[in-house]
Amino acid sequence: MGQPFVVNDSSDEAQITKAEKQMEDRTKDVDTILSTERGRRWYYDQIFDKCHLLANSYVPQNAGGTAYNEGVRQLGVQMYNAAKESQPALFMKMLEENHFE
């Protein structure tokens, strides 16, 4: 499928249009997930439990472990920001529904 959002020639309208459509599709994916309680629960779990968004990435005397943890955490940061920017109200609802389980 290739990398999303890639425009090699900014004068090529077809590339720009394709990248814009891919960005819109990804935003709709997040919107769809956040539109249900089950989706919000899954998304929250990915961000906070699987990606350890609020955890410290540092592993003493293990640069590889630290790098791995930070890479996973960075995915959580990207997911967090995508949800917050795409659907602020549903993002807050997700936090409210799952934060104090």
Side-chain angles (χ1 to χ4, degrees):
M1 177 171 143
Q3 291 181 319
F5 323 132
V6 174
V7 175
N8 295 315
D9 179 359
S10 61
S11 66
D12 183 346
E13 282 294 320
Q15 285 186 38
I16 294 169
T17 301
K18 181 179 177 183
E20 287 172 346
K21 182 176 180 342
Q22 289 173 327
M23 287 174 58
E24 288 173 18
D25 284 347
R26 293 286 162 48
T27 298
K28 288 178 185 176
D29 292 343
V30 173
D31 294 351
T32 299
I33 293 168
L34 294 178
S35 70
T36 68
E37 183 178 355
R38 183 175 300 245
R40 290 187 297 274
R41 184 174 55 241
W42 178 86
Y43 207 87
Y44 184 94
D45 182 58
Q46 296 305 303
I47 294 171
F48 293 100
D49 295 335
K50 304 291 189 288
C51 294
H52 312 289
L53 181 68
L54 300 178
N56 187 349
S57 299
Y58 179 67
V59 179
Q61 301 177 2
N62 187 340
T66 299
Y68 176 82
N69 287 345
E70 186 56 22
V72 171
R73 198 186 72 76
Q74 184 59 27
L75 175 61
V77 169
Q78 291 174 10
M79 291 177 69
Y80 179 94
N81 288 332
K84 187 172 68 170
E85 292 167 10
S86 173
Q87 291 290 332
L90 290 175
F91 172 78
M92 291 305 297
K93 187 173 185 175
M94 174 190 73
L95 295 178
E96 291 169 2
E97 290 171 343
N98 295 282
H99 186 67
F100 294 109
E101 279 188 347

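Closest approach of Val7 and Ala19 over heavy atoms only: CG2-CB, 3.6 Å. Contact between Gln87 and Asp31 at its shortest, heavy atoms only, is CG-OD1, 3.2 Å. Scanning both residues, Glu70 and Ser57, for their nearest heavy atoms gives OE1-OG, 2.5 Å. Contact record, Met79 with Ile47: CB-CG1, 3.9 Å, taken as the closest heavy-atom pair.
Within 6.0 Å of OH in Tyr58 there are more than 12 heavy atoms belonging to other residues, nucleotides or ligands. Other residues, nucleotides and ligands contribute over 12 non-hydrogen atoms within 6.0 Å of the NZ atom of Lys50.
Looking only at distances, no side-chain donor or acceptor of Thr17 sits under 3.5 Å from a matching main-chain atom of Ala14.
Both Val30 and Leu75 are members of a single hydrophobic cluster when ILVMFWY side chains are connected at heavy-atom separations under 4.5 Å. Placement of Leu54 and Phe91 within a single hydrophobic cluster is found when ILVMFWY residues are connected by side-chain heavy-atom separations under 4.5 Å, directly or transitively.
With sequence neighbours excluded, no residue forms a ring-ring contact (aromatic ring centres under 6.0 Å, His included) with Tyr43.
When side chains are defined from C-beta on, Thr27 does not count as touching Glu24, because their heavy atoms never get closer than 4.5 Å. Residues Met23 and Glu20 are not in side-chain contact: their nearest non-hydrogen atoms beyond the backbone lie 4.5 Å or more apart. Looking only at side-chain heavy atoms (C-beta outward), Tyr44 and His99 come within less than 4.5 Å of each other. For the pair Leu34/Met94, a side-chain contact is recorded, criterion being any heavy-atom separation below 4.5 Å from C-beta on.
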- Item | Asp45/Arg41 under salt bridge (charged side-chain N to carboxylate O under 4.0 Å, His left out): CA gap, chis, key distance, verdict | CA-CA 6 Å; Asp45 182 58; Arg41 184 174 55 241; over 6 Å; no

- Take Trp42 and Thr36 through the side chain to side chain contact (heavy atoms under 4.5 Å, CB included) test and state the conclusion after the steps. CA-CA 10 Å; Trp42 178 86; Thr36 68; over 6 Å; no

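Distance CD/Glu96 to CG/Leu90: 11.0 Å, rounded to 0.5 Å.
A salt bridge is absent between Glu37 and Arg40: the closest approach of a Lys/Arg side-chain nitrogen to an acidic carboxylate oxygen does not fall below 4.0 angstrom.
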